[in-house]
Amino acid sequence: MTTFPLLTLLTFLPLVGALLILVTGQAASASSDRLVRRDRPERSHAHARALAMGFSLAALLLTLGLWHAFRSGSGAMQFQEQHAWIPSLNIQYRLGVDGLGLLMVLLSAIVVPIAIAASWRVKGRVPLYFSLVLLLQAGLFGTFTALNFFHWFLFWELSLIPAFFLIRLWGGAQRASAATQFFVYTMVGSVALLLAFLGLFLATGSFDFIDLAALAHNGQLLPAITQNLGWHGMAGDRVALILFFAALLGFAVKVPMMPFHTWLPAAYAEAPTGTTILLTGAMSKMGVYGFLRILLPIFSQQILWMRKPLLVLAVATIVFSPWAAFAQKDLKRIFAYSSVNHLGYCLLGIFAVAGSSGDSPMLLTQRAAALDGVILQMFNHGLTASVLFWFVALIEKRSNGLRGINDFGGLRKVAPVFCGLMGIALFSSLGLPGLNGFIGEFLILKGVFPLAPWATAISLFGLLVTAIVLLTVLQRVFSGPLNPRWSGFADLTLRETVVLAPAIALMFLLGLYPQVVLGVINGTALAVTAQLKF
Amino acid sequence: MNGMLHLWLIALFPLAGFAINGMIGRRMPRAAVSAIALLATFVPLALVTNIALHFSQLTLPYVEKFATPWIQTSAFHAEFAFSLDQLTLIMLGVVTGVGFLIHVYSVSYMADEDGYWRFFAYLNLFMFFMSVLVLAENFLLMFVGWEGVGLASYLLIGFYYTRKSAADAGKKAFIVNRIGDFGFLLAMFLLVAHFRSLSFASVFSQISSHPEWQGGFLTAIALFLVLGAAGKSAQIPLYVWLPDAMEGPTPVSALIHEATMVTAGIYMIVRVHMIFDRSPLALSVVAIIGAATALFAATIGVVQTDIKRVLAYSTVSQLGYMFLGCGVAAYSATIFHLVTHAFFKGLLFLAAGSVIHALGGEQDLRQMGGLRRATPITFWTMTAGVFAIAGFFPFAGFFSKDAILHEAFRSPNGGFLLWFIGIFTAFLTSFYMFRLWYLAFFGRSRAVAHTSSQAHAHAPHESSWVMLAPLVILALLSVVGGWMGWPEALRGSDWFGHFLAPALNNAAPSLNSAQGEGASGFILSQRVVVETSPHLERVLSGLAVLIAALGWFAADTFYRRSPELPIRLATAFSGPRSILVNKYWIDEIYHAVIVRPLLLTSRFVLGGAVEGAVVQGSGRAFSGAANGLGAVLRRIQSGNIRSYAGWLAFGAAAMLLLSYFGFGTGTVSNWGTHFKIW
């Protein structure tokens with residue numbers, strides 16, 4: 001590949017930023033620690049913030065450039081880079097994005113500046129905080145562009161480490177156990193994933209996603225496993241199923257899918273809100289991305305075998321998570337469970353698509369349409385959830401960290417703009433037509449319905465409960481008599497409004513003209529479905 | 001003259017009004033706010049009038065769509081498309097006409113309220129979504145309007161958001177409607193699965209080219225749509241939100257919860273009647289729901305004491321009539337009743353608002369009385385409304401209600417029982433409306449001396465002309481509005497029916513020949529079209545007027561001539577009465593059977609057990625395990641080079657042993673080149 005290595009540049013841009021912040025920031029605070037403890041840190045903080053924001057915006061700009069240069073409508077990998085890396089293990093440095101990867105890169109590039117803005121007033125070791133955020137962004141970019149397991153897995157793990165420290169060092173009162181729990185869960189999933197891919201590697205000699213998918217498509221994967229992984233005389237399909245379960249575990253924890261979600265409420269609630277935005281807005285997409293990029297093409301047959309239980313789990317995720325949110329009092333926990341619900345629709349779409357046999361062209365396009373919905377939903381959820389948690393951060397800033405839904409009341413009177421914009425975000429989240437949330441959920445459910453009618457019908461119950469939960473939030477916080485304690489609650493400042501406005505505008509844009517995104521991802525959805533083999 | 005009609009402007013103006021008032025209305029003077037809001041509703045009214053004037057020159061159906069599609073994926077596409085036919089025109093007329101009058105009324109009614117800008121912004125938002133709902137050419141766009149009016153309704157019911165009851169009522173309305181949306185969404189999924197399209201034109205042409213499709217999936221689609229319609233149009237079992245919706249300001253109740261939005265479900269059924277025509281079962285369900293709701297709500301209305309709630313239950317009951325009309329495939333009569341109902345119910349509500357205004361916010365009928373002299377114009381306009389809804393000849397309600405009852409009598413899907421329920425409900429309607437009329441306007445004032453509030457210590461006063469003008473216009477329409485459907489049996493020409501007929505072209509025939517499931521086995525269907533002569537129709541009409549007069553007579557006896565009678569009856573029949581006063585405890589039953597279990601499950605099972613035991617327990621277990629592991633690892637990481645070396649040796653030995661004896665065949669040396677080591 002002779003073209004300019006744009007994707008490598010994009011991945012390393014935040015790394016450079018992280019290092020730069022660390023070096024200059026630590027220098028500034030080291031000198032200040034000895035001398036004047038009060039004045040200097042402020043300046044070094046401003047410096048770190050500005051650098052972080054600058055680098056994240058530069059990455060966003062670069063991503064927009066990629067978006068512009070991307071040939072939409074095509075399902076092929078673009079901006080590919082390929083170099084030999086570890087020839088003895090047949091490992092290549094292989095990067096590229098299709099519509100899915102590009103959209104996820106764009107989402108990460110949007111979410112990180114939001115997270116930085118929401119962390120503006122973070123306290124203690126500020127340079128370290130922002131450099132970790134950028135490190136995490138590098139992990140995201142790497143994960144969404146790598147086409148080789150080895151390389152991909154490095155970045156997948158790379159993103160985990162900063163997330164752990166962000167929770168552990170800047171989190172709330174229970175941060176220690178939340179961070180440990182988060183780390184252990186994700187780590188167990190990662191180890192399982194690693195073992196699964198080592199197994200695949202031993203069977204096929206390849207870590208390359210595209211090669212593996214091609215093998216699965218041609219029906220050569222199972223024979224290879226039978227031949228090379230005859231584990232205690234176990235049949236090849238059994239071994240394949242075990243590998244599938246191991247890989248599934250890794251992704252199911254990350255999304256999360258019930259019952260592997262139990263790390264999430266604590267992690268989301270205890271993390272500083274800026275980090276929660278990263279966790280929900282971008283990192284949860286790594287799991288769904290894994291399902292789409294890796295699990296679905298390579299293990300479609302295994303998903304088909306396990307179709308019923310997987311659908312049950314997806315539906316349970318959709319229905320029970322908002323129901324659990326119902327009992328929560330903490331805004332962050334409510335939105336955390338609601339996040340689980342929204343990603344549940346993605347899982348439903350993926351399982352239903354993989355689990356439908358038959359090869360008629362009609363079914364093919366129908367599956368592709370459902371996958372369009374899944375990919376769109378990933379973006380929509382990332383956007384809406386980030387904005388909702390951003391509002392939580394704004395509330396915390398005004399309330400000194402209080403965020404129980406019963407701590408407020410009647411805020412609408414003193415903060416009408418705040419209420420209006422947060423209301424839009426909430427209605428986007430509950431799927432009001434005209435806003436972004438609706439299109440993704442409609443496309444998924446419409447696409448899934450002919451493939452799994454009962455699962456779809458039961459899932460609609462999740463829509464209802466989500467509406468109840470989110471309207472309750474709106475009511476408790478903003479309606480009723482004004483809680484006298486908050487009579488001085490400041491409305492959104494002009495600066496905050498201006499910063500929020502593009503995100504809100506994007507919700508409308510995607511609700512009214514989803515074609516912007518659908519045009520880019522449709523090729524991928526078709527390519528992925530064409531690759532499925534039953 | 002089929003140039004561009006620019007239907008989209010009808011929707012655009014209210015949207016612009018909403019955007020302007022919503023964003024900068026707070027900082028604008030009230031006059032500017034109301035000017036913008038009025039302009040944003042007047043222009044659509046003018047556009048609709050213009051279309052109506054040139055309507056005969058149009059070739060129908062007229063469709064207008066945006067150049068770029070809304071959603072375009074490999075298997076599906078939906079467009080921003082508006083269409084216009086007779087049905088749309090009538091609905092647009094009602095929405096923009098009544099909507100404009102209510103905007104005018106609100107200028108004065110809301111003059112002293114906080115959040116004036118917010119009120120008009122929401123009102124314009126409602127007009128926008130309602131126009132979209134009516135104009136939409138496909139199910140999906142209709143659903144946008146459908147949810148949008150729900151949003152506007154939610155915002156307006158909760159307008160007095162500092163009151164908990166108002167915020168609760170808004171939430172309840174939205175959620176109950178979401179249950180209905182469940183049906184609408186499933187219906188759309190089924191439609192896409194079977195027709196590959198959500199466009200009305202495409203779906204209907206496919207249906208009409210397949211006469212063999214009877215019942216089956218069409219029944220399923222129709223029943224899911226009925227669920228949606230029952231939510232929006234407040235039918236059993238989803239009517240419970242409407243009475244609570246009266247927490248909103250009175251003009252809102254008049255516009256959204258009486259005249260326009262609640263008829264969306266009926267409009268939808270009529271719009272997609274081709275689906276219903278293929279499913280006698282679904283039609284029967286609609287008819288039964290309608291009749292049951294009409295009767296049920298009317299009985300509750302008889303004992304209500306809040307003037308707005310009487311009217312709310314009356315609306316539920318009248319919507320029941322419209323459902324009944326749909327159920328017996330009398331679509332034209334149904335739309336006719338929808339129109340006249342918009343006139344007289346809009347009027348009744350605005351008049352009630354005027355009464356409430358006159359009494360400084362009093363809504364309790366028991367505190368009213370004698371307002372006939374204090375508010376003469378309100379009294380006379382209200383009288384027109386009462387006579388119209390009671391069904392006296394020649395007021396508007398007479399013609400439309402009569403048309404529905406007549407069809408219910410003769411339709412194969414109707415029958416004597418449904419007709420009888422309808423006529424008995426008419427008696428109750430007449431009774432409770434005259435009860436309201438007597439309690440509010442006759443006798444002596446029963447107000448508790450207005451001492452509660454100094455501000456309203458002065459005597460009841462007539463409202464301003466800004467409020468009265470819409471009343472007078474609607475009163476006129478309530479008197480003469482029914483004449484457009486003067487039936488041929490009474491030597492009229494039924495202009496309305498003839499006008500609407502082209503839009504309903506395929507209404508009856510398939511029903512009469514329906515041999516599909518449901519039609520033959522259903523208990524209420526007589527399976528024969530009763531051939532009615534004009535003579536019978538005249539007899540039925542006469543009977544209806546007689547029944548209305550009977551209701552008036554009963555109310556007159558109870559509430560004017562012997563006012564002690566109701567009290568005696570109330571004590572004598574305290575049991576049955578308390579059932580009615582408590583509205584059959586439906587809210588309480590729903591709460592006990594649905595809401596509480598959901599809440600408790602959430603709180604104790606999901607909240608307590610899962611969150612408490614599993615989530616936090618596993619968290620503790622995990623961090624405990626991690627700490628234990630950490631302790632072990634600390635021991636390993638002793639910093640002692642010798643111990644590292646020891647571990648290294650141990651590991652290497654273990655690996656070697658495992659690879660030789662544990663797994664079998666391979667050798668370590670050929671890793672990386674051969675993959676077959678086991």
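Just so you know, these numbers come straight off a predicted model, no measurement behind them. Naming: A, B, ... by sequence-line order, numbering from 1 per chain.
- Looking at B:Asn177, B:Asp244, B:Val595 one by one, the single match for side-chain contact (heavy atoms from CB on, under 4.5 Å) with B:Lys172 turns out to be B:Asp244.
- Neither the backbone nor the side chain of A:Ile521 comes within contact range of chain B, judged by heavy atoms closer than 4.5 Å.
- Only the side chain of A:Ile439 comes within less than 4.5 Å of a heavy atom in chain B; its backbone stays farther off.
- When A:Ala179, A:Gly434, A:Ala457, A:Ala525 are compared by the number of non-hydrogen pairs under 4.5 Å with chain B, A:Ala457 comes out ahead.
- When heavy atoms are compared at a cutoff of 4.5 Å, A:Phe182 does not approach chain B at all.
- Proximity to chain B is limited to the side chain of A:Pro416, based on heavy atoms less than 4.5 angstrom apart.
- For A:Leu471, the parts sitting under 4.5 Å from any heavy atom of chain B are the backbone and the side chain alike.
- Annotation: cation-pi geometry not satisfied between A:Arg333 and A:Tyr268 (NZ/CZ under 6.0 angstrom from ring centroid, within 45° of ring axis).
- Residue contact with chain B, scored on non-hydrogen atoms closer than 4.5 Å, involves the backbone of A:Phe478 exclusively.
- Only the side chain of B:Leu140 has a heavy atom closer than 4.5 Å to any heavy atom of chain A.
- Side-chain atoms of B:Leu198 and B:Val203, non-hydrogen and from C-beta on, never get closer than 4.5 Å to each other.
- Only the side chain of A:Leu443 has a heavy atom closer than 4.5 Å to any heavy atom of chain B.
- For a residue to count as touching a neighbouring chain, one of its non-hydrogen atoms must lie under 4.5 Å from one of that chain's; by this rule A:Thr456 touches chain B with the side chain only.
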